[in-house]
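Below is one structure, written out as structure tokens, with a few remarks after it.
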Amino acid sequence: STVCTGGDLYCTILVIAVGSILPLKMSWTPLLVLLLCSVVHGDMFTSIMDLERAIHAEHAIAHDLKTYVKKEQERIDKLSQIADDFEQHSLNALESPESYLSNPINAYLLIKRFTLQWRSIVDDLILGNSSADFMNSISDKTCNFPDSEDLSGAAMGLHRLQDTYALPTATLANGELRGIKNSPQLTADDCFELGRVAYNSADHYHAIMWMTEALERLNKEANETTDRATLLDYLSYSLYVKGNIRHARNLTMQWLEIEPDHARAKKNIYHYDRILEEQMMEKKKKGDSGKESCDDDTEEIKNWKVPADEYRGSEAFLSYERMCRGEPSKNYKYTNKLTCQYRRHHPIFYLAPAREETANLNPNMYLYHNVMTDAEIEKVKELAFPKLHRSGVFVLNQDDSHLSRYRVSKSAWVHDYEHPLIERVSMKTGILSNLSRETVEDLQVLNYGIGGHYEPHYDFA
């Protein structure tokens, strides 16, 4: 039984498992951005609710910063501006933190704010003066800040959303997401950091896309937000890895215009020239006297995505991604037989019948709507909140579950005996399915973070 609220792309979902109701061999879970949390350092990107704590900490730190600014008059202008920005940002977010953090751009920028930008603020404006008392006063709040691992996880989540929902880089950077309004636009530096995370993971496919977007935005910025030479360094190498030799050489020449004596840039030019010369000689041997180079300046950049493994390049995985986008994954010949109906198969449904939707035939699959009220959902989330932990996957020959990139979320198990509501939900689900609860698992609450997902998998043990 499923309860879901939200926009076109992201929603909050509660799944209640009742034994082996359906003889399914695979469990298909779409990419969703959801709610609920418990703070585990380095795991904040896996759960939206963890990031809400960072917003509360931000709001509290705004007050501390204002007090500190009064004591440090010479830096009052800069620090006051930062404090006002923190305060306004958190107040806006706390008006509806669930809605705000369900936007992956907001969540990514929140993590970036308290990894890269916060370190810069501490080094430049705080540690340079009598700041020991101030730092001690906010230490209990900054412990709720994300770290560099969270920044990497958040960036990879955006890459995953980009791929699964087939979002052009410029569209995502402009904050144009389906079902989300008033999303912030990314700066050249924001795009560069998304590219650098990919680069450090040897993911040159995403590195090229995001660093190219960063360069385009940098060319339009009056006040450049990132270092141009560093950006050209990273992008040129990623282009080289993908076989775009002349493009890599051209960007390296731009790099040398900024840093004429950079030794590595000069060595790279020498290396690129040798490769281009060898390519030209090879073409002459084949009798091709057309272009001077097989990698012309006007040639479109080659950038292909290499699947992580054979499975992720398979039709099954592509079908899973199409389902996430809401596209038909196959032609279903029984569509005209899929109906919605009221069900009164038990006395508790005589006055308020169950709203049943037939989702599939052979095997029969049903979806029940409005099974729980909003207040009941909030109570379940409240009970699950303290128990949430990073979701693992069960592996044979291992004693415990372990963490995996193909499952990014946090989960909690809530027992029937913990609250009368959980018992009622369990009982109602058993009645809906008309199955015994003797072998039922406990209620599981899942909370997905930025680009959180669970790839298709065999769901049995």
Side-chain angles (χ1 to χ4, degrees), residues 33 44-45 51 54-55 58 77-79 81-90 92-93 100-125 145-148 150-162 167-177 180-201 203-236 238-239 251 254-255 258 450-451:
V33 177
M44 293 183 71
F45 71 94
L51 295 179
I55 293 180
E58 177 188 35
D77 291 336
K78 289 184 178 180
L79 285 176
Q81 181 181 358
I82 293 171
D84 289 338
D85 176 56
F86 278 18
E87 188 172 54
Q88 187 59 52
H89 177 267
S90 56
N92 292 340
Y100 182 86
L101 291 173
S102 289
N103 181 337
I105 296 292
N106 286 334
Y108 168 74
L109 291 177
L110 181 67
I111 289 179
K112 180 174 179 285
R113 176 189 293 256
F114 290 118
T115 50
L116 302 179
Q117 294 174 350
W118 175 250
R119 286 199 298 270
S120 176
I121 292 169
V122 170
D123 292 340
D124 298 340
L125 301 176
F145 283 0
D147 59 15
S148 57
D150 289 308
L151 180 62
S152 296
M156 290 179 181
L158 282 178
H159 296 160
R160 193 180 306 118
L161 287 171
Q162 179 181 16
L167 300 173
T169 307
T171 299
L172 190 55
N174 286 331
E176 299 171 9
L177 303 173
I180 291 180
K181 299 179 180 179
N182 303 321
S183 182
Q185 292 194 25
L186 300 181
T187 64
D189 185 63
D190 295 329
C191 294
F192 171 69
E193 288 302 330
L194 282 165
R196 181 153 62 176
V197 169
Y199 180 98
N200 291 336
S201 302
D203 176 9
H204 296 285
Y205 169 75
H206 287 107
I208 288 175
M209 289 194 297
W210 281 103
M211 290 192 179
T212 300
E213 183 65 26
L215 186 59
E216 292 180 2
R217 289 175 181 259
L218 190 65
N219 292 332
K220 299 175 184 178
E221 290 179 345
N223 298 315
E224 297 188 349
T225 58
T226 196
D227 182 68
R228 184 178 293 270
T230 304
L231 172 56
L232 292 170
D233 182 6
Y234 276 85
L235 179 54
S236 60
S238 287
L239 288 168
L251 290 183
Q254 294 179 37
W255 174 17
I258 302 172
I450 305 169

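Only a predicted model underlies this, so the values are computations on that prediction, with no experimental measurement involved.
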Quiz item: Which atom names give the shortest non-hydrogen contact between N103 and L177, and what distance separates them?
Solution: OD1-CD1, 3.8 Å

Quiz prompt | Residue pair G175 / S183: nearest heavy atoms and the distance that separates them | solution = O-CB, 3.0 Å

Quiz item: Passes ring pair (Phe, Tyr, Trp, His ring centres under 6.0 Å), F86 versus F114? Steps please.
Solution: CA-CA 11 Å; F86 278 18; F114 290 118; 5.5 Å; yes

Quiz item: Are H206 and L194 side-chain neighbours, meaning at least one heavy-atom pair lies under 4.5 Å?
Solution: no

Practice problem: Taking all non-hydrogen atoms of both residues into account, name the closest pair between L167 and L161 and its distance. | Solution: CD1-O, 4.1 Å

Exercise. Might you work through the side chain to side chain contact (heavy atoms under 4.5 Å, CB included) test for D147 and D150, ending with a clear yes or no?
Key: CA-CA 5 Å; D147 59 15; D150 289 308; 3.1 Å; yes

Self-check item: Chi angles and distances behind the side chain to side chain contact (heavy atoms under 4.5 Å, CB included) call for I55, Y100
Solution: CA-CA 11 Å; I55 293 180; Y100 182 86; 4.2 Å; yes

Quiz prompt | Distance-only side-chain donor-acceptor flag, N92 / Q88, under 3.5 Å | solution = yes

Practice problem: State, yes or no, whether a side-chain contact exists between W210 and L172 at a heavy-atom distance under 4.5 Å. | Solution: yes

Exercise. Using side-chain hydrogen bond (donor to acceptor under 3.5 Å, both in side chains) as the criterion, list what pairs up with T171, not counting sequence neighbours.
Key: none

Quiz item: Is there side-chain contact between Q254 and L251, with heavy atoms separated by less than 4.5 Å?
Solution: yes

Quiz item: Is there a side-chain contact between I111 and F145, using heavy atoms and a 4.5 Å cut-off?
Solution: no

Quiz item: With sequence neighbours left out, what residues match R228 under salt bridge (Lys or Arg N to Asp or Glu O under 4.0 Å)?
Solution: E224

Quiz prompt | Distance-minimising heavy-atom pair for A173 and C191 | solution = CB-SG, 4.0 Å

Quiz item: How far apart are the closest heavy atoms of T187 and D190, and which atoms are they?
Solution: N-OD2, 2.9 Å

Self-check item: Residues forming a ring-ring contact (aromatic ring centres under 6.0 Å, His included) with Y205, sequence neighbours excluded
Solution: none

Quiz item: Do any N or O atoms from the side chain of R196 and from the backbone of F192 form a donor-acceptor pair under 3.5 angstrom?
Solution: no

Quiz item: Taking atom CD1 of I208 and atom CG of L239, what is their separation to the nearest 0.5 Å?
Solution: 4.5 Å

Exercise. Starting at CD of E193, measure out to CG of L151 and round the result to the nearest 0.5 Å.
Key: 6.5 Å

Self-check item: E221 side chain near T226 side chain, heavy-atom distance below 4.5 Å
Solution: no

Quiz prompt | T212 side chain reached by E216 side chain, heavy atoms, under 4.5 Å | solution = yes

Self-check item: Evaluation steps, side chain to side chain contact (heavy atoms under 4.5 Å, CB included), between L110 and H89
Solution: CA-CA 10 Å; L110 181 67; H89 177 267; 3.8 Å; yes

Quiz item: If every non-hydrogen atom of M211 is compared with every non-hydrogen atom of L235, which pair is closest and at what distance?
Solution: SD-N, 3.8 Å

Quiz item: Does some side-chain heavy atom of L215 sit less than 4.5 Å from a side-chain heavy atom of L232?
Solution: yes

Quiz item: Can E213 and R217 be said to form a salt bridge (charged side-chain N to carboxylate O under 4.0 Å, His left out), step by step?
Solution: CA-CA 6 Å; E213 183 65 26; R217 289 175 181 259; 2.7 Å; yes

Quiz item: CD/Q117 to CG/L109 distance, rounded to the nearest 0.5 angstrom?
Solution: 8.0 Å

Practice problem: For side chain to side chain contact (heavy atoms under 4.5 Å, CB included), just list the numbers for Q162 and T169, CA-CA rounded to whole Å, side-chain angles, deciding distance to a tenth of an Å, and then say yes or no. | Solution: CA-CA 7 Å; Q162 179 181 16; T169 307; 2.9 Å; yes

Quiz item: Under a 4.5 Å cut-off applied to non-hydrogen side-chain atoms, are M156 and S201 in contact?
Solution: yes

Quiz item: If only atom types and distance count, is the side chain of D233 paired as donor or acceptor with the main-chain N or O of T230 below 3.5 Å?
Solution: no

